[in-house]
Amino acid sequence: MEARDDLIRARRDKLAKLVAAGVESYPYRFERTHRVADLLARFDELRQAGEQVTIAGRVAAKRVMGKASFAHVQDDSGRVQIYLRRDEINPPGVSDPETAPYSLFKTAIDLGDWIGVRGALMVTKTGERTLHVREWTLLAKCIRPLPVVKEEAETGRRYHEFSDPDERYRNRALDLVVNPDEREVFRIRARMISLMRRYLDEAGFLEVETPVLQPLYGGGSARPFTTHHNQLHKDLYLRIADELYLKRLIVGGLDRVYEISKDFRNEGVDRIHNPEFTMMECYAAFADYTFMLELVERIVSGIVGDIHGTREIRYGGGSLDFTPPWPRVRFFDALAEKTGRALIDADLSELRAVADEFGVEVPDNAGRGKLLDELFGELVEPGFDRPTFVIDYPIELSPLAKRHRHDPRLVERFEAIAGGCEIANAFSELNDPDDQRARFEEQQRLRGAGDEEAMPLDDDYLAALELGLPPTAGLGVGVDRLAMLLTNRSSIRDVILFPLLRDRDGEDER
RNA sequence: GAGGACGUAGCUCAGCCGGUAGAGCAGGGGCCUUUUAAGCCCAAGGUCGUGGGUUCGAGUCCCACCGUCCUCACCA
């Protein structure tokens, strides 16, 4: 007999005992008067008024001392101690241990059970604010054993924390029950997205929805997921970016649009990549990339300030200062500083020589764009601690970006980097259909040469461009990455509720 | 994809030079009417990730596989 089965059986037996005593096992609703946090906020006032209050939550700790018991009840907002005395809970004359409410609480309520309690407020002799229970109600029994995390009342120090990341990601419900910090991560994430919407709405952007299932994917360099529509006998792709559809909307005359949604890339999984992830993309007509640069600076520093009350936040071992203006550095200037060379006109063999010199490994079939990307990522990017804009990228890396107005070898593009991670990418959008066709054709050539991430040619998109795309600036923000910065997490899995995991072999699902 | 570390009770962890499995918490039985990581007494709980191998004997050594984490490579 497995120990877990014993624990589950014990809890089922207790449920049966409650039912036998006439307790409703799964009631339909429960009226509470306060959330725990509200109750604590108005504690003195409510206590002096002698008011009866009702809360609902999970039993998070239980300390039975014979004819009196203490416990903690935790709801979405916080936890509070409750106190029960036998002679106050049991009706006069009722003492049968199988049915008396106090003994049922003592013997049949477990850590993790959902209960409702009603009573007045009191302060114990050690000073803890406590709900003095008159009546308790079962709301739902927790039949599976829970990891027990003990918490010191004074210091909040936690013991035996449920911390195995594998278990936590595989069983997020349990993680959230037991780890209040993780609940907080997702509250911050939600507020971040809500603030992002507000800033965009206020700036006159219209929120839209574009297809997840696409006949042709595009807008980024990545391998897609494929799926199939049965009735139409048609293969479809899950989008890797929203870009090409959103720009069609600018063509259509919607001046400013944005979308916050999942993209899907059929690629590796690691600390900063999950195959489905959340992107915010926005596009503004009549603007160029400098508009987006200011928008990113304003929105991101605004969100940081709104959530943390300061623009300088702790991250990893250090801190990140989001106070504008963020430093700007030109792609080739940064590269020149590290390598001591101007590489803007460097050809393949020269770039390869530089890569060798600095010990940067590159694939044998790498083109110029790839080489520059490698060099930059290896030599320059790690040097950026604080939020920084890298601007004016080589044209080879950006098939959808508009050529730089002063230098045909560059595009008008920037990335925002913070905490060693790219958090935003933006450019002046390429709106010349003939130039765009040529860039697509170059992508086709790379594709033919074995680059699986090269973009497919999209005739339908080109036709839209031929209707006339006004000057337009576009921006993409990695929502998960931003959430990592705001919650001081080093793994994307900590900010995605249900990250993709490998199957666990040979173990039954819980 | 490569390298390294790890996987022992429901949870958090010990387990030495190979000798047959330990603790705390949770759970069970008692005692306890202001406790708070409540406390005290008693009893129970294990296919040591999976599969092979070496050995008289493997949680421990070797090999393979699965999973997680870290570093590196690639994409946001």
Side-chain angles (χ1 to χ4, degrees), chain A residues 1-11 13-14 61-72 81-89 102 106-107 110-112 122-128 130 132 144-170 174 178 220-223 240-241 263-275 277-281 360-363 366 370 373-374 377-378 415 417 421-425 452-453 476-482 490-493 501-507 510:
Chain A
M1 180 55 63
E2 206 180 323
R4 165 187 258 112
D5 294 340
D6 286 343
L7 294 172
I8 292 175
R9 169 139 26 78
R11 285 177 174 236
D13 289 348
K14 291 177 188 179
K62 194 181 163 202
R63 296 178 292 279
V64 175
M65 299 175 316
K67 298 178 188 65
S69 296
F70 287 91
H72 275 90
Q81 180 168 258
I82 64 171
Y83 176 53
L84 301 85
R85 293 165 65 117
R86 185 190 69 182
D87 298 343
E88 294 166 343
I89 297 290
Y102 180 75
K106 209 169 76 165
T107 60
D110 286 301
L111 292 175
M122 59 173 261
V123 176
T124 62
K125 67 183 181 192
T126 51
E128 179 156 359
T130 301
H132 191 157
R144 280 179 184 263
L146 232 47
V148 179
V149 180
K150 298 228 170 189
E151 194 172 315
E152 256 177 19
E154 294 283 306
T155 61
R157 261 188 71 188
R158 292 161 62 76
Y159 297 82
H160 309 303
E161 201 141 17
F162 178 54
S163 55
D164 183 335
D166 191 19
E167 296 294 334
R168 287 182 37 231
Y169 300 142
R170 283 180 202 282
L174 195 53
V178 150
S221 302
R223 283 146 65 192
I240 60 167
D263 288 345
F264 307 85
R265 299 193 179 178
N266 206 338
E267 286 161 356
V269 175
D270 65 22
R271 198 174 69 74
I272 50 172
H273 296 93
N274 195 61
F277 62 102
T278 304
M279 257 294 248
M280 187 285 284
E281 285 192 39
V360 178
E361 285 178 38
V362 284
K370 178 84 181 161
D373 199 27
E374 287 289 325
E378 199 65 24
E415 287 193 0
I417 298 171
C421 226
E422 182 196 328
I423 58 168
N425 180 22
E452 289 183 76
E453 292 179 350
V477 173
V479 168
D480 311 284
R481 301 248 174 110
L482 196 55
S490 58
S491 171
I492 200 166
R493 292 179 162 186
L501 299 171
R502 286 172 213 279
D503 284 344
R504 192 144 51 167
D505 199 15
E507 271 197 41
R510 308 257 178 106

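First the proteins, then the strands, lettered A, B, ... as listed; each starts at 1.
Rounded to whole Å, the separation between the C1' atoms of B:C17 and B:C13 comes to 23 Å. Here, B:G39 and B:U35 have their C1' atoms 10 Å apart, quoted to the whole Å. Spacing between B:C66 and B:G59 at atom P, rounded to whole Å, works out to 23 Å. A distance of about 12 Å separates the P atoms of B:A9 and B:A14, rounded to the whole Å. Comparing B:A58 with B:U20, their C1' atoms sit 9 Å apart, to the nearest whole Å.
A:Glu161 has its CD atom 10 Å from the P atom of B:U12, to the nearest Å. Distance A:Asp164 CG to B:A9 C1': 15 Å, rounded to the nearest Å. Rounded to whole angstrom, the span from the CZ atom of A:Arg86 across to the C1' atom of B:C31 amounts to 14 Å. Note: CZ (A:Arg170) to P (B:G10) measures 17 Å, nearest angstrom. In this structure, A:Arg144 places its CZ atom 12 Å from P of B:C11, rounding to the nearest Å. The nearest whole Å value for the distance from the CZ atom in A:Arg168 to the P atom in B:C69 is 10 Å. Note: NE2 (A:His132) to C1' (B:U34) measures 10 Å, nearest angstrom.
Closest to the side chain of A:Glu453, out of B:U35, B:U68, B:C74, is B:C74. In this structure, of B:C74, B:U12, B:C69, it is B:C74 that holds the atom nearest to the side chain of A:Glu374. Closest contact between the side chain of A:Glu167 and the listed nucleotides B:C32, B:C13, B:C11 involves B:C11. Comparing B:C69, B:A37, B:C70 against the side chain of A:Arg271 picks out B:C70 as the nearest.
A donor-acceptor contact under 3.5 Å is not formed by the side chain of A:Asp166 with the base of B:C69.
The residue A:Glu152 sits close to a base: some heavy atom pair falls under 4.0 Å. Note on A:Arg493: only backbone sugar-phosphate atoms sit closer than 4.0 angstrom, heavy atoms only; bases stay farther off. Within the 4.0 angstrom heavy-atom criterion, no nucleotide atom of any strand lies near A:Glu88.
When the salt bridge (Lys or Arg N to Asp or Glu O under 4.0 Å) test is applied to A:Arg493, no partner is found at least two apart in sequence or on another chain. Applying the salt bridge (Lys or Arg N to Asp or Glu O under 4.0 Å) criterion to A:Glu152, with sequence neighbours excluded, gives no partner residue.
Look at A:Phe70 and the base of B:A38; the rings do not stack under the cut-offs of 5.5 Å between centres and 30° between planes.
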Could you walk me through whether A:Arg271 and A:Ser490 satisfy the side-chain contact (heavy atoms from CB on, under 4.5 Å) test, starting with their C-alpha distance in whole Å, then the side-chain angles of each, then the deciding distance to 0.1 Å, before giving a yes or no? CA-CA 7 Å; A:Arg271 198 174 69 74; A:Ser490 58; 3.9 Å; yes
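Contact check, A:Arg63 against B:U35: no side-chain N or O comes under 4.0 Å of OP1 or OP2. Phosphate contact (OP1/OP2 of B:G46, side-chain N/O of A:Arg4, threshold under 4.0 Å): absent.
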Protein-nucleic acid N or O pairs under 3.5 Å, nucleotides 25-30 of chain B:
residue : atom : partner  : partner atom : Å
B:C25   : O3'  : A:Lys150 : NZ           : 3.1
B:A26   : OP1  : A:Lys150 : NZ           : 3.0
B:G27   : O3'  : A:Lys14  : NZ           : 3.4
B:G28   : OP1  : A:Lys14  : NZ           : 2.4

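With a cut-off of 3.5 Å on both pairing distances, B:A37 has no Watson-Crick or G-U wobble partner at all. The pairing partner recorded for B:C69 is B:G4, the criterion being a Watson-Crick or G-U wobble arrangement whose two distances lie under 3.5 angstrom.
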